[in-house]
Amino acid sequence: MSVARCMAEVSSAEFTEWLAYSQIEHFGPVVEDLRAGVIASAQYNVARDRRAHPEPFGPKDVIPWLFEAREGGDEPILFDDPVAQTNLLRAQLFGGRSGEAN
């Protein structure tokens, strides 16, 4: 779905509800990467040399970018300019660059 179509079809209230729901029940590409990481780490663990790697592998060992992006990301990013804030939010939610004009 395009950003324009989403803005036309989804109300602010519904969008806020989806954001809240996603905090409770995660979905989307990040969760899919995590699932793939669990499977890959399980495969590594079946074949790992227990002397060389006594500790089992986990998802962080096979998909490090998933966890790097979240470190230190708890602080909100706030701009004085509401247009810049909206552009950042739009870019984070729908992809693209934060400075893009629509």
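Keep in mind that the numbers below use all heavy atoms, side chains included, and drop hydrogens, waters and symmetry copies. By convention here, the first residue in the shown sequence is residue 1. Computed from a predicted structure; not experimentally measured.
Annotation: side chain to side chain donor-acceptor pair (under 3.5 Å) contacts of Arg35 (sequence neighbours excluded): none. Scored by the salt bridge (Lys or Arg N to Asp or Glu O under 4.0 Å) test, Arg51 finds no partners at all (sequence neighbours excluded). Residues satisfying the side-chain contact (heavy atoms from CB on, under 4.5 Å) test with Glu25, not counting sequence neighbours, are Tyr21. Applying the side chain to side chain donor-acceptor pair (under 3.5 Å) criterion to Glu55, with sequence neighbours excluded, gives no partner residue. Annotation: side chain to side chain donor-acceptor pair (under 3.5 Å) contacts of Arg50 (sequence neighbours excluded): none.
Once rounded to the nearest 0.5 Å, the distance linking CG of Leu89 with CZ of Phe79 reads 11.0 Å. Between Ser41 atom OG and Lys60 atom NZ the span is 13.5 Å, to the nearest 0.5 Å.
Atom CZ of Phe57 has more than 12 neighbouring heavy atoms from other residues, nucleotides or ligands inside a 6.0 Å radius.
Residue Leu34 comes nearest to Pro59 through the heavy atom pair CD1-CB, 3.8 Å, listed as atom of the first residue, atom of the second, then distance. Closest approach of Ile63 and Asp33 over heavy atoms only: CD1-O, 3.1 Å.
No side-chain heavy atom of Arg48 sits under 4.5 Å from any side-chain heavy atom of Gln43.
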- request: Could you walk me through whether Tyr44 and Asp61 pass the side-chain contact (heavy atoms from CB on, under 4.5 Å) test, one step at a time?
  value: CA-CA 10 Å; Tyr44 277 117; Asp61 298 314; over 6 Å; no
Report all side-chain donor-acceptor pairs from residues 12-20 shorter than 3.5 Å, counting only partners two or more places apart or in another chain.
residue: Glu14; atom: OE2; partner: Trp18; partner atom: NE1; Å: 3.4
residue: Thr16; atom: OG1; partner: Ser12; partner atom: O; Å: 2.8

